[in-house]
Asker: 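Mind having a look at this structure? Questions to follow.
Residue indices begin at 1 and follow the sequence shown.
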Amino acid sequence: DVQLQAFGGGLVQAGGSLRLSCAASGFTFDDYAIGWFRQAPGKEREGISCISNSDGSTYYADSVKGRFTISSDNAKNTVYLQMNSLKPEDTAVYYCAALWVTTAQAMALKMPYAIDYWGKGTQVTVSS
């Protein structure tokens, strides 16, 4: 069975940091791009970053560029999202997802709609 599980969320003060992890199983990890998404109450799901496990390319939405860093450990089938300088507007449920494409740009063009596998989310709350 395909599984994607995001964890590492929590409550942090503005300016603080968190690292999210996305553990994947049940598919050929190296053939997929993995993306991070978030959804705040009353808002649409937003794709914020993705990484290709084929060529290592990355993508960041403007809302997180310079503050968040995505990385992948192919040996562990795990993707990480290091979130620094967190703001209250970063508060949301964070999800990871997989898409069968070879570049991060290809995933960025398709997300958040054309996704092959979704994982369960993890709550991130940033207090002011």
Asker: Quick one: does M111's side chain get under 4.5 Å of L99's, heavy atoms only?
Answerer: no

Asker: Going hydrophobic residue to hydrophobic residue with side-chain gaps under 4.5 angstrom, can you get from F37 over to L18?
Answerer: no

Asker: Roughly how far, to the nearest 0.5 Å, is OH of Y94 from CG of L81?
Answerer: 7.5 Å

Asker: Within this structure, what is the CD1-CD1 distance for the pair I48 and I70, rounded to the nearest 0.5 Å?
Answerer: 8.0 Å

Asker: Distance to the ring centre below 6.0 angstrom and angle to the axis at most 45 degrees; does that hold for R19 and Y80?
Answerer: yes

Asker: Just checking, any donor-acceptor pair under 3.5 angstrom between side chains of S72 and N74?
Answerer: yes

Asker: If Ile, Leu, Val, Met, Phe, Trp and Tyr residues are connected whenever their side-chain heavy atoms lie under 4.5 Å apart, and connections chain through other members, are L109 and I51 in the same group?
Answerer: no

Asker: Considering non-hydrogen atoms only, spot the tightest contact between M107 and I115 and give its length.
Answerer: CE-CD1, 3.8 Å

Asker: Would a single hydrophobic cluster contain both Y117 and I34, if residues Ile, Leu, Val, Met, Phe, Trp and Tyr are joined by side-chain heavy-atom contacts under 4.5 Å?
Answerer: yes

Asker: Whether the side chain of Q39 engages the backbone of K43 through a donor-acceptor N/O pair (distance < 3.5 Å, no angle test) should be reported.
Answerer: yes

Asker: Between C50 and A104, what is the shortest heavy-atom contact and its length?
Answerer: SG-O, 3.3 Å

Asker: So which heavy atom on S21 is nearest to which on T78, and how close?
Answerer: CB-CG2, 4.2 Å

Asker: Ignoring hydrogens and geometry, is there a side-chain-to-backbone donor-acceptor pair from N53 to Y32 under 3.5 Å?
Answerer: yes

Asker: Tell me, with the steps shown, if R38 and V64 meet side-chain contact (heavy atoms from CB on, under 4.5 Å).
Answerer: CA-CA 11 Å; R38 65 186 182 187; V64 305; 4.0 Å; yes

Asker: Does atom CD of Q3 have more than 12 heavy-atom neighbours from other groups under 6.0 Å away?
Answerer: no

Asker: Is a side-chain N or O of S49 found less than 3.5 angstrom from the main chain of Y59, in a donor-acceptor match?
Answerer: yes

Asker: Are F68 and L86 close enough, and set up right, to give a side-chain contact (heavy atoms from CB on, under 4.5 Å), and what steps lead you there?
Answerer: CA-CA 9 Å; F68 292 9; L86 283 162; 3.8 Å; yes

Asker: Are side-chain heavy atoms of C22 and L4 found at a separation under 4.5 Å?
Answerer: yes

Asker: To check you understand the geometry: which heavy-atom pair defines the closest contact between T122 and G9, and what is its length?
Answerer: OG1-N, 3.1 Å

Asker: May I ask you to say whether D62 pairs ionically with K65, meaning some side-chain N is under 4.0 Å from a carboxylate O?
Answerer: yes

Asker: Is there a side-chain contact (heavy atoms from CB on, under 4.5 Å) between T91 and Q123 once you walk through the steps?
Answerer: CA-CA 8 Å; T91 295; Q123 176 72 44; 4.0 Å; yes

Asker: Determine yes or no for a side-chain-to-main-chain donor-acceptor pair under 3.5 angstrom, with S52 supplying the side chain and S57 the backbone.
Answerer: no

Asker: Looking at every non-hydrogen atom in both residues, tell me the closest pair between V101 and A106 and how far apart they are.
Answerer: CB-CB, 3.9 Å

Asker: T28 versus W100: any side-chain heavy-atom pair under 4.5 Å?
Answerer: no

Asker: Quick one: does Y60's side chain have a donor or acceptor within less than 3.5 Å of a partner on R67's backbone?
Answerer: no

Asker: Compare all side-chain heavy atoms of F27 with those of D116 and state whether any distance is below 4.5 angstrom.
Answerer: no

Asker: Students often mix this up, so state it plainly: with edges at 30° and 60°, are the rings of Y95 and W118 parallel, tilted or perpendicular?
Answerer: perpendicular

Asker: For V124 and M83, what are the C-alpha separation, side-chain angles and deciding distance, and is it a side-chain contact (heavy atoms from CB on, under 4.5 Å)?
Answerer: CA-CA 10 Å; V124 172; M83 306 187 295; 3.9 Å; yes

Asker: Heavy atoms only: give me the nearest S128-A14 pair and the separation to one decimal.
Answerer: CA-CB, 4.4 Å

